[in-house]
J.: 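Handing you a structure now.
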Amino acid sequence: MQPLRMMATTGMLGYGYTEEAFRRGIAQGLDFIAADGGSMDPGPHYLGEGIPFVSRQAMKRDISLMLEAAIDQGIPMLIGSCGGGGSEPQLALVRELVEEVAAEKDLHFKMAIIHSEQSRESLKARRADGKIESLGPIAELTDDVIDASHRIVGMMGVEPFQQALRDGAQVVLAGRATDASIFSAIPLMRGYDPGLCWHLSKIIECAGQVVTPRTGQDCVLGTIHDDHFLVEPGHPDKICTRMKIAAHTLYENPSPYHLEEPDGTLVTTHAQYEQISERVVKVSGSRFEPTNRYTVKLEGVKQSGYRTVFMAGVRDPILISVIDEFIAACHTRVAGEAASLGIAPNDYRLNIRVYGKNATMGPREPLADQVGHEVGLLVDTLADDPEISKAVLAKARYALLHTDFPGRKCISGNLAIPFSPSDMPVGMTYEFSVWHRMEIKDPLEPFPIEMIEV
Amino acid sequence: MARLIDLANVLRSKNAGALLCTLDIMFEEEAVYKKVCDSGVLEPGLIAKLYGISDNEVSIIPYDVAYAIKITIPRLHKSGDPDDSDIYGAQQHAPLLDIEIPD
């Protein structure tokens, strides 16, 4: 078969890429361009709120160059996990940006929008059939957890992308998708070796992360041949090294040898990595082991409450020497004062972290007894009612500032408070409630495709 | 004796999903990688002790092609939970730094 060429423009839509690398890649003649648009790394908040963790302006810039070149070249453009989490509002935002760019540049094309939010009813039915299991140390999914969840997305594989392309879409905007599916959909459709397709996709979905020097995000080119693939940077001044390409399957995966996708596992045990020129790495020997069941990962979040945050420093050595007991005393005092406001212990959560002691690693910190000359306190409250969150935080601030401790000499105040106002309400926060895997028969069914003429 | 912080050129931690934390120790030279692997020091019992977890929660995978050793453990809390303090899991590697490898 003729080699197939693809370009990943950026590891995350909105993280950017250089125009130089992009133009150079486009000039080489590509079969498609694509970018991953999402990640759960920044935590549950963005899926919960349905907002991106990059700016609208940055996403629009990344879309703009890609869209214009794709339409000009007559090649497909694919974006997966739109807006960060692939939820309806995040997908709608990316669609809006694409439509804005199209209108500004007078571009016309057929576009597919692939939805990935899952209804509670469908999930309950599948759960009742025993088709949902947890993906690691998290509670089993129950109907109560599904009901308590604010938003749940399913992670699509290649099939919805392929269906959208078969239906004539040139631009595909997908909700939550596995990072590698975005890049594997087209080469798999055209019959390339699945081991090579998935492995190349796994390597280039993070784009600029596999190039040297790592000066920000940038385009990466992948070429699939019958029995190997090549990876090279888009930018002429950057290189790909054998070690970095080989090391990439370590990144954010529990195993570098086995990488799971909806319909099987990429096995890199026998992969060979060769530096064939200063800039280009050749990979062969990757295998894909299909499984007999098709599974879709589910990600969901529930609300944890309105958070209010307060920070302060402690420099008094006497207080630092009794800091744990002092904090315990403050918790007790706050509970009493909250009760006097009619706020019950279950109405809020108060968390006081001691930076300089064990805030980063908590009970896993081996050096918690080695405290320096100052510590930082990060105090936060969570409550279903934003006013309760603020009220308890204010009580906690006062308690920390003025509660006595054994040997106290700094009787005018225990804290160095850097800001006025000191209390920062940050709004609703979320936590992951769903991190599971759902077995399905039809890979298209949970992911409705909407076709649009732009 | 040499400490891992002096032998490794990459020593990092990161989420592997919201529930797991994965620690990568990478070496520039094959000889150093082999020495660390062959020393037998990096075994589940030691990692379990350093992180206060049980042996069967620890996975250790040597990755010859990149001179790397991958260790995966459960996160203390799910990423972003009310008590979590490292959303990306990027600062959980420090207990590995002082592990001593015999010459």
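Here is how names work: the chains are called A, B, and so on, in the same order as the sequence lines, proteins then strands, and each is numbered from 1.
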J.: Give the member of Asp86(B), Asn15(B), Val10(B) that has the highest number of heavy-atom pairs under 4.5 Å with chain A.
T.: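 Answer, by heavy-atom pair count under 4.5 Å with chain A: Asn15(B).
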J.: Would you say that more than 12 heavy atoms from the other residues, nucleotides or ligands in this model lie under 6.0 Å from the CD of Glu43(B), or not?
T.: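 More than 12 within 6.0 Å, yes.
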J.: Taking side chain as everything from C-beta outward and backbone as N, CA, C, O, which of these in Leu23(B) sits under 4.5 Å from a heavy atom of chain A? Side chain, backbone, both or neither.
T.: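 It is neither, since no heavy atom gets under 4.5 Å.
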J.: Under 4.5 Å heavy-atom distance to chain B, tell me which part of Tyr273(A) shows up: side chain, backbone, both or neither.
T.: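 Tyr273(A) touches chain B through side-chain heavy atoms alone.
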J.: Measuring heavy-atom distances to chain B, does Ala247(A) have an atom under 4.5 Å in its side chain, in its backbone, in both, or in neither?
T.: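 Both backbone and side chain of Ala247(A) come within 4.5 Å of chain B.
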J.: Is there side-chain contact between Asn351(A) and Pro82(B), with heavy atoms separated by less than 4.5 Å?
T.: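 With C-beta onward as the side chain, the pair stays apart.
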J.: Restricting to non-hydrogen atoms, name the atom on Arg353(A) and the atom on Ser85(B) that form the minimum distance, rounded to 0.1 Å.
T.: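 Scanning both residues completely, I find the closest heavy atoms to be NH1-CB, 3.1 Å.
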J.: Tell me, for Met361(A) versus chain B, whether the close heavy atoms (under 4.5 Å) come from the side chain, the backbone, both or neither.
T.: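 Interface part for Met361(A): both.
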J.: Taking atom CD of Glu28(B) as the centre, does the number of heavy atoms from other residues, nucleotides or ligands within less than 6.0 Å exceed 12?
T.: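 No, CD of Glu28(B) has 12 or fewer neighbouring heavy atoms, counting only those of other groups under 6.0 Å.
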J.: Among Ala246(A), Gly43(A), Ser39(A), single out the residue with the greatest number of heavy-atom pairs under 4.5 Å to chain B.
T.: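 When all of Ala246(A), Gly43(A), Ser39(A) are compared, Ala246(A) has the most.
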J.: Please report the closest heavy-atom contact between Pro62(B) and Tyr257(A), naming both atoms and the distance.
T.: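 So the two residues come closest at O-OH, 3.3 Å.
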J.: Minimum heavy-atom separation for Phe27(B) and Met243(A), please, with both atom names.
T.: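 That closest heavy-atom pairing would be O-CE, 4.5 Å.
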J.: Are the side chains of Arg12(B) and Leu250(A) in contact, using a 4.5 Å heavy-atom criterion?
T.: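 SC-SC contact between Leu250(A) and Arg12(B) confirmed.
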J.: Identify the two heavy atoms, one from Ser255(A) and one from Ile61(B), that lie closest to each other, and give their separation to 0.1 Å.
T.: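 Taking every non-hydrogen atom into account, CB-CD1, 3.6 Å.
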J.: Which of residues 51-59 of chain B get closer than 4.5 angstrom to chain A, counting heavy atoms alone?
T.: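 So far as heavy atoms go, Tyr51(B), Ile53(B) are the residues that approach chain A to under 4.5 Å.
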J.: Please determine, among Gln91(B), Met26(B), His77(B), Gln92(B), the option with the most heavy-atom pairs under 4.5 Å with chain A.
T.: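 So the answer, after comparing Gln91(B), Met26(B), His77(B), Gln92(B), is Gln92(B).
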J.: Restricting to non-hydrogen atoms, name the atom on Ser79(B) and the atom on Phe432(A) that form the minimum distance, rounded to 0.1 Å.
T.: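 Nearest heavy atoms, Ser79(B) then Phe432(A): O-CD1, 3.3 Å.
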J.: Which residues from residues 297-312 of chain A are near chain B, with near meaning under 4.5 Å between non-hydrogen atoms?
T.: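 Ser304(A), Arg307(A), listed by number.
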J.: Is there a side-chain contact between Pro254(A) and Thr22(B) in this structure, where contact means two heavy atoms from C-beta onward sitting under 4.5 Å apart?
T.: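 Of all side-chain heavy-atom pairs linking Thr22(B) with Pro254(A), none is under 4.5 Å.
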J.: Sort Ile87(B) into side chain, backbone, both or neither according to what part of it lies under 4.5 angstrom from a heavy atom of chain A.
T.: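 Both backbone and side chain.
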J.: Under 4.5 Å heavy-atom distance to chain B, tell me which part of Tyr251(A) shows up: side chain, backbone, both or neither.
T.: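 Answer is both: backbone and side chain atoms of Tyr251(A) are under 4.5 Å from chain B.
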J.: Heavy-atom cut-off 4.5 Å, strictly under: side chain, backbone, both or neither for Asp24(B) against chain A?
T.: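 Side chain only.
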J.: Looking at chain B, which one of Ile138(A), Leu382(A), Ile245(A) has the largest number of heavy-atom pairs inside 4.5 Å, strictly under?
T.: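 Heavy-atom pair counts peak at Ile138(A).
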J.: Write down the atom of Pro256(A), the atom of Lys70(B), and the distance for their closest heavy-atom approach.
T.: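 Heavy atoms only, the tightest pair is CD-CD, 3.8 Å.
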J.: Do Asp83(B) and Arg349(A) touch side chain to side chain, with heavy atoms closer than 4.5 Å?
T.: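 When only atoms from C-beta onward are counted, Arg349(A) and Asp83(B) do touch, with a gap below 4.5 Å.
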J.: Based on non-hydrogen pairs under 4.5 Å, which of Asp84(B), Leu76(B), Ile71(B) is most in contact with chain A?
T.: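 Ranked by heavy-atom pairs under 4.5 Å with chain A, first place is Leu76(B).
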J.: Is any side-chain heavy atom of Lys14(B) closer than 4.5 Å to one of Asp41(A)?
T.: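 Yes, side chains in contact.
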J.: Tell me, side chain or backbone of Pro366(A) under 4.5 Å from chain B's heavy atoms, or both, or neither?
T.: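 Side chain only.
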J.: Are Pro95(B) and Arg364(A) close enough that some pair of their side-chain heavy atoms sits under 4.5 Å apart?
T.: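 In short, these two side chains do not touch, never coming nearer than 4.5 Å.
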